[in-house]
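What follows is a single structure, written as structure tokens, with notes after it.
Computed from a predicted model, the values in this text were never measured in an experiment. Along the sequence shown, residues carry numbers from 1.
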Amino acid sequence: HAQRRLLWVGLFFLLAILWVTHLLIRRQVTLPVERLTCSMDDVAGGNLSRQVPVTGQDELSHMAVQFNGMTEKLLRAHSALQDEKDQLTIAVLGIGEGLLLADDQGFVTLANPEAERLLGKNQTMLMGHPLTEMFPDPEPIRILLAGPDSNALVLEHDDRQLRIRAATIRLTERGVIGQALMIRDLTNEIQKERRFQAMAEAAQDAIIIIDAAGLVTFWNSSAQRIFGYLGSEIIGQDLHRILGPEALYPEFTGGFAMF
């Protein structure tokens with residue numbers, strides 16, 4: 001009986017030791033690993049502010065310190081990117097021209113309020129739709145996107161005269177990464193220009209307009225009648241070289257540069 005009792009006591013102590021060992025392992029290893037795993041899942045899900053408690057100086061604690069440092073760097077980088085995104089959004093929303101941005105497949109991912117107004121479409125009608133289908137005839141937009149970024153055209157849309165600029169955004173190592181359309185309403189400018197031309201053509205006086213280089217950009221009918229030059233002959237020419245005395249041309253060029 002004494003041996004049996006001793007055996008049971010020994011077995012009890014062994015189980016107790018195993019239980020305490022389990023608790024210690026769980027506390028020192030299993031729980032920290034679980035915390036680290038849960039924190040990694042949270043960070044992967046977008047919670048960059050998640051931190052792991054550091055409870056000692058062992059290898060797991062060192063891993064926790066490294067993990068916390070990594071998440072802090074990620075959070076700072078994310079905040080900086082968010083600030084830049086906010087600034088870009090403010091600029092895009094406040095720009096005076098319509099702006100449409102598309103992904104590498106040509107589907108619209110961003111449209112500012114001015115683009116909505118000019119196209120007569122809301123966000124639902126724009127987002128996710130092909131950039132080339134923003135106008136009834138997609139062919140002109142396809143041609144613009146395939147050509148140089150400096151190309152532009154004027155389209156009539158809903159009684160508006162719209163100047164369209166298009167660009168295909170490329171990176172050397174990745175190829176096409178996106179597309180963009182800039183839309184400007186020229187209706188008022190064109191109407192003002194037509195009114196001016198009508199008034200200028202009706203005027204009895206010569207009306208001549210030159211640019212900053214002294215080249216003729218406008219020549220009305222009275223100028224043609226008075227000076228004898230057709231508009232097709234004079235547009236783009238140096239006005240003072242044609243109409244002014246040759247002897248005074250050097251003096252004119254010196255004064256015109258300071259005008």
Is the side chain of Asn122 donor-acceptor paired with the backbone N or O of Thr124 at a distance under 3.5 Å, no angle test? yes
Check whether Ile234 and Ile226 end up in the same hydrophobic cluster, where Ile, Leu, Val, Met, Phe, Trp and Tyr are linked by side-chain heavy atoms less than 4.5 Å apart. yes
Treating Gln123 as the side-chain partner and Ala111 as the backbone partner, does any N or O pair qualify as donor plus acceptor under 3.5 Å? yes
Establish whether Leu239 and Tyr249 are linked, either directly or via other cluster members, by ILVMFWY side-chain heavy-atom contacts under 4.5 Å. yes
Please answer whether the main-chain N or O of Ala115 pairs with a side-chain N or O of Lys121 as donor and acceptor at a distance below 3.5 Å. no
Is there side-chain contact between Leu101 and Val108, with heavy atoms separated by less than 4.5 Å? no
Write down the atom of Gly231, the atom of Gln224, and the distance for their closest heavy-atom approach. N-OE1, 4.0 Å
Counting C-beta onward and ignoring hydrogens, is there a side-chain heavy-atom pair between Asp137 and Pro140 closer than 4.5 Å? yes
Aromatic plane relationship, His157 with Phe135 - under 30° parallel, 30 to 60° tilted, over 60° perpendicular: perpendicular
If you measure from CG on Leu171 to CG on Asp104, what distance do you get to the nearest 0.5 Å? 11.0 Å
Backbone N or O of Gln179 within a donor-acceptor pair of the Thr168 side chain at under 3.5 Å? no
Which atoms form the tightest heavy-atom contact between Ala247 and Pro250, and what is the distance? O-CD, 3.7 Å
Out of curiosity, Phe218 CZ to Glu193 CD, how far, rounded to the nearest 0.5 Å? 9.0 Å
Ser222 side-chain N/O to Ala203 backbone N/O, donor-acceptor pair under 3.5 Å: yes
Contact between Ile141 and Met134 at the side-chain level, heavy atoms closer than 4.5 Å - yes or no? no
Could you tell me whether a side-chain N or O of Arg170 sits under 3.5 Å from a main-chain N or O of Gly178, the two making a donor and an acceptor? no
Around atom CD of Glu251, are there more than 12 heavy atoms of other residues, nucleotides or ligands at under 6.0 Å? no
Given 3.5 Å as the limit, does a donor-acceptor pair link the side chain of Asp185 with the main chain of Glu97, or not? no
Roughly how far apart are Leu155 CG and Arg160 CZ, rounded to 0.5 Å? 14.0 Å
For the side chain of Trp219 and the backbone of Tyr229, is there at least one donor-acceptor N/O pair under 3.5 Å apart? yes
Quick check against the 3.5 Å criterion: does Asn220 have a side-chain atom that pairs as donor or acceptor with the backbone of Asp205? yes
Ile235, Phe227: one ILVMFWY side-chain cluster at the under-4.5 Å cut-off? yes
Backbone of Gln161 reached by a side-chain donor or acceptor of Thr187 within 3.5 Å: yes
Working to the nearest 0.5 Å, report the span between CD of Gln197 and CD1 of Ile207. 11.0 Å
Measuring only between side-chain heavy atoms, which start at C-beta, is Leu186 closer than 4.5 Å to Leu162? no
Side-chain heavy atoms of Met182 within contact of Ile164, under 4.5 Å: no
If you take all heavy atoms of Phe107 and Gly128, which pair is closest and at what distance? CD2-O, 3.3 Å
Considering all heavy atoms of both residues, which atom of Ala223 and which atom of Ile208 are nearest to each other, and what is their separation? CB-CG1, 4.0 Å
Are the side chains of Leu100 and Leu131 in contact, using a 4.5 Å heavy-atom criterion? yes
Is Val216 reachable from Ile242 through a run of hydrophobic residues whose side-chain heavy atoms are each under 4.5 Å from the next? yes
Within this structure, what is the OG1-CZ distance for the pair Thr71 and Arg76, rounded to the nearest 0.5 Å? 9.5 Å
Would Val176 and Ile169 count as a side-chain contact (heavy atoms from CB on, under 4.5 Å) if you check the C-alpha gap in whole Å, the side-chain angles of each, and the deciding distance to 0.1 Å? CA-CA 6 Å; Val176 176; Ile169 306 167; over 6 Å; no
Minimum-distance pair of heavy atoms, taken over all atoms of Leu181 and Ala166: CD2-CB, 3.4 Å
State yes or no: do Met125 and Leu119 share one hydrophobic cluster built from I, L, V, M, F, W and Y residues joined by side-chain heavy-atom distances below 4.5 Å, directly or via other members? no
Going by an N to O cut-off under 4.0 Å, is there a salt bridge joining Arg184 and Glu189? yes
To the closest 0.5 Å, what do you measure between CD (Glu114) and CZ (Arg117)? 4.0 Å
